[in-house]
J.: 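Shown below is the structure under consideration.
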Amino acid sequence: MNRKVRVRFAPSPTGPLHIGGVRTALYNYLFARQHGGDMLLRIEDTDSARFVPGAEEYIVEALQWLGIEIDEGIGAKNTGKHAPYRQSERKDIYKKYVNQLLEAGLAYIAFDTPAELDMKRGKTANFQYDATTRNGMLNSLTLSDAEVKKRLEAGENYVVRIKIEPNLEICVNDLIRGEVVINSSVLDDKVLYKSVDELPTYHLANVVDDYLMEVTHVIRGEEWLPSAPLHVLLYRYLGWESFMPQFAHLPLLLKPDGNGKLSKRDGDRLGFPVFPLDWEDPNTEVISSGYREAGYFPEAMVNFLALLGWNPGNEQEIFSMQELINLFSLDRVSKSGAKFDYEKGKWFNHKYLQMKSNEDLADIFQHVLVDKDIIEDSEKVIKVVALIKERADFVTDLWEQGFFFFQAPTSFDEKTVSKRWKENTPAQMNELIEKLQQIDDFSAANQEKIVIQWIEEKGYGMGAVMNAFRLALVGAAKGPHLFDITEIIGKQETIARIKRAVSVLAQE
RNA sequence: GGCCGAUUCGUCUAUCGGUUAGGACGCCAGAUUUUCAUUCUGGAAAGAGGGGUUCGAUUCCCCUAUCGGCUACCA
């Protein structure tokens, strides 16, 4: 059977999209594009209690920012022929298959309340609702038809459970891990449907939808591996085994330190975002920071994430989305979890920042300047960016690295002052002012020639003069080539800054 | 506890039985530099342990250990 490749990303709208989810979406997308297939976005909102308003919009916006395009479903240009793509809007569809399973005797109705089940679990260690226990519970297998009917008519809440046949070897053929075999006896009679909200659970919904939506490959996180056999069984029970998608369970993204799945708390604790975009919790109004707002380029994010769990087998590190699409393959996805290395993420952003043209970077940097009420013509900003970009990881770093191109230092670094500002410095600086005063061609090269010549003639220490000069201009012992700075800020400003340093530092 | 999965430098990883176990991030040192940074060069740094299979195992198998995931009327 040769079907068109169709994959889906199916998050639940319970909050902002987690970075691990982003990677899952990315891998699905790369796989779809490489095979000329379709990428669907489906919203798995079968838990009405956990629905968070705004989460769906967030997911769509995040994927858009990253350049992960949706061909069908939520957020797609064309709605698609399998609409709706929100599971809460597909109630009738699921109901039909629930009934089919019920009629075939492959599922049954159970009336045990959550409280009763809790009690059972408290009493019996390792209690599992399955072939060994279902006969002692309140369900359509133990109750008479009349009793079941009576309860149903009375409007009593119930769930539908799958009736797992015990002692069956179930094989899941995973594209990343190979064959995973488990015995059906360790599976419990999972709830497929709950009458309270007339919604199925994930297990039933994802199988039904993947079948109906003609999904060919299910690429999802490793946390789903244990329930994959259940899904296989469901395909079998529904008579769709020959249309069953292929599975690929991705390794998890782990905390950078210690162990465990990467969580929101880790980001807060270690000071980096775990979400693509800023997110404000609608209830608590607490804001969680996102990569976009932290200054990351989406291309860098994609590159970084792509390599967390996959590599092409050579030593290339930088990939465009198109290259990733060409190179990606599921059999080069690693099996073990990857610790999230924020430092490496920064390095990727640094690389992408270096690849940007000075013009593009200047345009972005202008926003930072405007926020600080600094209005500069783009010609100057481009020149500044060219001088300082290689020292920056983020666009915001550009300010830190080059604020002195736009405003005089407001303070002078103490350490540098005590090290570089000596007794005879003010006199030298005054001489320097006079020297600069006489220069007409204020280009860096010409200034440098004249100033150095002057220093040598006078027999001053090169380091002594230049470092004090820098301190006056920048306020600290940092920054690019000194005469590049003076050329850009100009003669007048240069002299003003030296004068100011002489007067301010004299008072100390 | 049970089930499933995983295990190469601190981190991400390459190696598909024979390698001085390679690269990248980070770290350290040196060079360059009037400062800081960049850049360049160099360096330290790894096959969890134990059994097999084999002429030969990081690589294949088993056991143990460790880590992770799952074990809900959550996804």
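Bear in mind that the values here come from a model prediction, so they are computed numbers and not experimental data. Below, chain A is the first sequence line, B the second, and so on; all start at residue 1.
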J.: Looking at the base of B/U34, is there any donor atom on it, or on the side chain of A/H481, that sits under 3.5 Å from an acceptor on the other one?
T.: yes
J.: What nitrogen or oxygen pairs link the protein and nucleotides 63-65 of chain B at under 3.5 Å?
T.:
none

J.: What's the gap between B/A46 and B/U11 when it is taken at their P atoms, as a whole Å value?
T.: 12 Å
J.: Hey, do the aromatic rings of A/Y235 and A/Y211 have their centres closer than 6.0 Å?
T.: no
J.: Identify which one of A/Y291, A/F304, A/Y342 satisfies the ring pair (Phe, Tyr, Trp, His ring centres under 6.0 Å) criterion when paired with A/F272.
T.: A/Y342
J.: Once you round it to whole Å, what is the distance between P of B/G68 and NZ of A/K339?
T.: 9 Å
J.: How about A/D209 and A/Y85: does a side-chain donor come under 3.5 Å of a side-chain acceptor?
T.: no
J.: Partners of A/K389 by salt bridge (charged side-chain N to carboxylate O under 4.0 Å, His left out), sequence neighbours excluded?
T.: none
J.: Between C1' on B/U35 and NZ on A/K478, what's the gap in Å once rounded to a whole number?
T.: 11 Å
J.: In whole angstrom, what separates A/N314's CG from B/C16's P?
T.: 14 Å
J.: Taking the C1' atom of each, how far is B/A21 from B/G68, in whole Å?
T.: 26 Å
J.: From C-beta outward on A/N467, which listed nucleotide comes closest to its side chain: B/U7, B/G10, B/U35?
T.: B/U35
J.: Tell me which of A/G337 and A/I182 sits closer to the 5' end of RNA chain B, going by the nucleotide each one is nearest to.
T.: A/I182
J.: How does protein reach along nucleotides 69-75 of chain B, written 5' to 3' as B (base within reach of a heavy atom under 4.0 Å), S (only sugar-phosphate), or - (no contact)?
T.: BS-SBBB
J.: Roughly how many Å apart are B/U20 and B/G43, using the C1' atom of each and rounding to a whole number?
T.: 16 Å
J.: Please identify each residue that fulfils salt bridge (charged side-chain N to carboxylate O under 4.0 Å, His left out) with A/R220, with sequence neighbours left out.
T.: none
J.: Can you confirm whether or not the ring centre of A/Y460 sits under 6.0 Å from the ring centre of A/W454?
T.: yes
J.: Which of these passes side chain to side chain contact (heavy atoms under 4.5 Å, CB included) with A/L30: A/L324, A/V302, A/V7?
T.: A/L324
J.: Does the separation of the ring centres of A/Y352 and A/Y296 fall below 6.0 angstrom?
T.: no
J.: Considering just the side-chain nitrogens and oxygens of A/N311, establish if one lies under 4.0 Å of OP1 or OP2 belonging to B/A14.
T.: yes
J.: Could you tell me how far apart A/F483 (CZ) and B/U33 (P) are, to the nearest whole angstrom?
T.: 16 Å
J.: I'd like the P distance from B/U41 over to B/A24, given in whole Å.
T.: 10 Å
J.: Can you check the distance between B/G47 and B/U53, where both ends of the measurement are the P atom (answer in whole Å)?
T.: 24 Å
J.: Quick one: salt bridge (charged side-chain N to carboxylate O under 4.0 Å, His left out) partners of A/D210, sequence neighbours excluded?
T.: A/R8, A/R42
J.: Under 4.0 Å between a side-chain nitrogen and a carboxylate oxygen: does that hold for A/D393 and A/K346?
T.: no
J.: Closer than 4.0 angstrom, basic N to acidic O: yes or no for A/K435 and A/E431?
T.: no
J.: Determine the interatomic distance between C1' on B/U15 and the same-named atom on B/U58; round to the nearest Å.
T.: 8 Å
J.: Could you work out which one of B/C12, B/C4, B/G23 sits closest to the side chain of A/E317?
T.: B/G23
J.: Return the value, rounded to whole Å, for the distance between atom CD1 of A/I318 and atom P of B/C12.
T.: 18 Å
J.: Under a 4.0 Å threshold between the charged nitrogen and the carboxylate oxygen, would A/D47 count as salt-bridged to A/R50?
T.: yes
J.: Could you tell me how far B/A6 sits from B/U64 if I compare only their C1' atoms? Round to whole Å.
T.: 15 Å
J.: Between B/A37 and B/C28, how far is it from one P atom to the other, in whole Å?
T.: 11 Å
J.: Give a yes or no on whether a salt bridge exists between A/K190 and A/D188, defined as a side-chain N under 4.0 angstrom from a carboxylate O.
T.: yes
J.: Please enumerate all protein N or O atoms sitting under 3.5 Å from an N or O of nucleotides 37-47 of chain B, with distances to 0.1 Å.
T.:
from	atom 1	to	atom 2	distance (Å)
B/A37	N3	A/R391	NH2	2.7
B/U38	O2'	A/E390	OE1	3.2
B/U38	O2'	A/E390	OE2	3.2

J.: Rounding to a whole Å, what distance do you find between A/E456:CD and B/U34:C1'?
T.: 12 Å
